[in-house]
There are 2 protein chains.
Amino acid sequence: MKEEYCDASETIKQSGLARTPQRMAVLEALILAIHPLSAADILALTAEKTKINRVTVYRILASFRDRGIIREIETGHANSSYEMACAHNPVHPHFRCRDCGRIICLPPLTLSQAWDWLAQPADFTVERIDVQLIGLCAECIKKDNGNTVASDNF
Amino acid sequence: MKEEYCDASETIKQSGLARTPQRMAVLEALILAIHPLSAADILALTAEKTKINRVTVYRILASFRDRGIIREIETGHANSSYEMACAHNPVHPHFRCRDCGRIICLPPLTLSQAWDWLAQPADFTVERIDVQLIGLCAECIKKDNGNTVASDNF
DNA sequence: ATCATAAATGCAACAAACTTGCAAACAATT
DNA sequence: AATTGTTTGCAAGTTTGTTGCATTTATGAT
């Protein structure tokens with residue numbers, strides 16, 4: 001999905017946040033990621049490079065999200081993923097596997113259609129559209145044949 | 001969104017599940033609801049009519065969902081809502097307020113467009129599309145003027 | 001109608017994801 | 001280098017949902 005990369009140092013500087021090793025590690029992980037990362041993913045990746053606490057990861061993610069540096073993809077059942085929100089990674093829908101929870105980025109082809117009809121006046125503001133396609137990914141289709149009960153998978 | 005109502009007793013009978021007072025109370029609450037209900041909402045509503053336990057609500061909701069009687073709307077941060085999945089309440093997108101978490105049903109106007117481009121072949125199966133519009137509802141626009149920080153609201 | 005059996009419920013304990021309070025450590029500016 | 005406000009780590013807490021097991025209840029057969 002991404003063809004170019006942001007500069008982590010520059011991004012943090014422009015945000016007004018302090019350039020700490022922990023924030024650098026989190027942002028670099030997200031910049032290099034080819035798919036959205038959960039907080040647990042990020043903790044695992046950053047812990048290799050820096051001393052970092054689980055709580056710190058949550059706080060850094062919240063601070064980045066609040067400044068529009070990253071997008072939070074809410075995947076249900078308290079397990080959000082995060083991706084860069086820079087010019088190199090425009091808003092796009094995601095596919096989520098109901099079985100393994102995997103998040104796959106989809107091309108941003110049809111969102112313009114959705115925005116069109118949102119141009120109609122309404123008494124609420126729409127800041128974001130989450131288009132989530134939920135089903136089974138290739139691996140899980142192979143893995144379970146006729147024995148999957150939706151309730152048991154989360 | 002709903003113009004007619006299902007019969008709770010009949011629905012349970014056809015599902016093969018036992019017709020317990022707890023299941024009747026949960027289903028009746030969902031049938032009469034004008035917007036999706038959380039497990040907590042349902043516990044509060046049903047506790048007025050029947051002796052019912054928190055765990056029982058979760059189990060009843062799972063059993064209904066697995067049989068296609070209701071739909072689960074995953075709203076992020078571990079707080080699902082539920083709505084009837086009967087003929088009177090076809091699949092439709094939802095609006096969710098980022099501030100108060102309120103879920104509002106939207107008309108099912110554009111889902112056909114989304115299904116269209118999904119007809120293209122892919123190596124995963126799409127069982128469901130969640131279209132979530134996230135922003136601020138009328139009440140919350142009034143309530144907070146320029147002082148809302150996204151991170152503090154969940 | 002009663003009984004037997006499988007299903008459903010309640011309770012207590014558990015689990016995962018995330019949050020809060022506060023003291024210690026650190027980054028950025030002077 | 002000192003200061004000051006930000007950031008981090010740790011421990012404890014909260015919320016939402018789940019599991020195990022004993023008790024109760026619905027249902028179908030007698």
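Proteins get letters first, then strands, A, B, ... in listed order; numbering begins at 1 in each. Predicted, not measured: the structure shown is a model, and the values here were computed from it.
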For this session: Give the rounded distance in Å between these two atoms: CD1 of B:I73 and P of D:dG17.
Result: 13 Å

Problem set entry | Spacing between B:N53 atom CG and C:dA8 atom C1', to the nearest angstrom | 12 Å

Problem set entry | Transitive ILVMFWY side-chain link A:I70 to A:M24, under 4.5 Å | yes

Exercise. Got A:T46 and A:Q22 here, is their nearest side-chain heavy-atom distance under 4.5 Å?
Worked result: no

Problem set entry | Spacing between A:I60 atom CD1 and C:dC18 atom P, to the nearest angstrom | 15 Å

Exercise. Can you check the A:M24 CE to C:dC26 C1' distance for me, whole Å?
Worked result: 16 Å

For this session: Provide, to the nearest angstrom, the distance between the CD1 atom belonging to A:I52 and the C1' atom belonging to C:dA25.
Result: 15 Å

Review item, nucleotides 21-30 of chain D N/O atoms under 3.5 Å of protein N/O:
residue	atom	partner	partner atom	Å
D:dT27	OP1	B:R19	N	2.8

Problem set entry | 5'-most by nearest nucleotide on DNA chain D - A:R23 or A:V55 | A:R23

Problem set entry | Residue pair B:E83 / B:L30, side-chain heavy-atom distance below 4.5 Å | no

Exercise. Would the number of heavy atoms belonging to other residues, nucleotides or ligands and lying under 6.0 Å from CZ of B:R67 be above 12?
Worked result: yes

For this session: Would you mind reading off the bend of the helix from C:dA1-D:dT30 to C:dT30-D:dA1 from its two end axes, five pairs each, to 10 degrees?
Result: 30°

Check nucleotides 14-16 of chain D for protein N or O atoms closer than 3.5 Å to its own N or O atoms and list the pairs.
residue	atom	partner	partner atom	Å
D:dT16	OP1	B:N79	ND2	3.4
D:dT16	O3'	B:A78	O	2.5

For this session: Begin with the C-alpha distance, continue with both residues' side-chain angles, and end with the deciding distance and a verdict on side-chain hydrogen bond (donor to acceptor under 3.5 Å, both in side chains) for A:S63 and A:D66.
Result: CA-CA 5 Å; A:S63 70; A:D66 293 348; over 6 Å; no

For this session: Take the protein atom NZ of A:K51 and the nucleotide atom C1' of D:dT7, then report the distance between them rounded to whole Å.
Result: 12 Å

For this session: Could you check how far CD of A:E72 sits from C1' of C:dT19, rounded to whole Å?
Result: 14 Å

Exercise. With a 3.5 Å cut-off and no angle check, do the side chains of A:S80 and A:E72 form a donor-acceptor pair?
Worked result: yes

Exercise. Under the criterion side chain to side chain contact (heavy atoms under 4.5 Å, CB included), which of A:N79, A:I73, A:V57, A:L43 is the partner of A:S38?
Worked result: A:N79

Exercise. Heavy atoms, side chains only, cut-off 4.5 Å: are A:M84 and A:Y5 in contact?
Worked result: no

For this session: Give a yes or no answer on whether the side chain of A:S15 reaches the backbone of A:L17 with a donor-acceptor pair at less than 3.5 Å.
Result: yes

For this session: State plainly whether one hydrophobic cluster holds both B:I12 and B:L32, where clusters connect Ile, Leu, Val, Met, Phe, Trp and Tyr through side-chain heavy atoms under 4.5 angstrom apart.
Result: yes

Problem set entry | Verdict with supporting geometry, B:Y82 and B:L61, side-chain contact (heavy atoms from CB on, under 4.5 Å) | CA-CA 8 Å; B:Y82 300 86; B:L61 289 171; 3.7 Å; yes

Seminar exercise, completed: Whole-Å distance, A:I12 CD1 to D:dT6 P, equals 17 Å

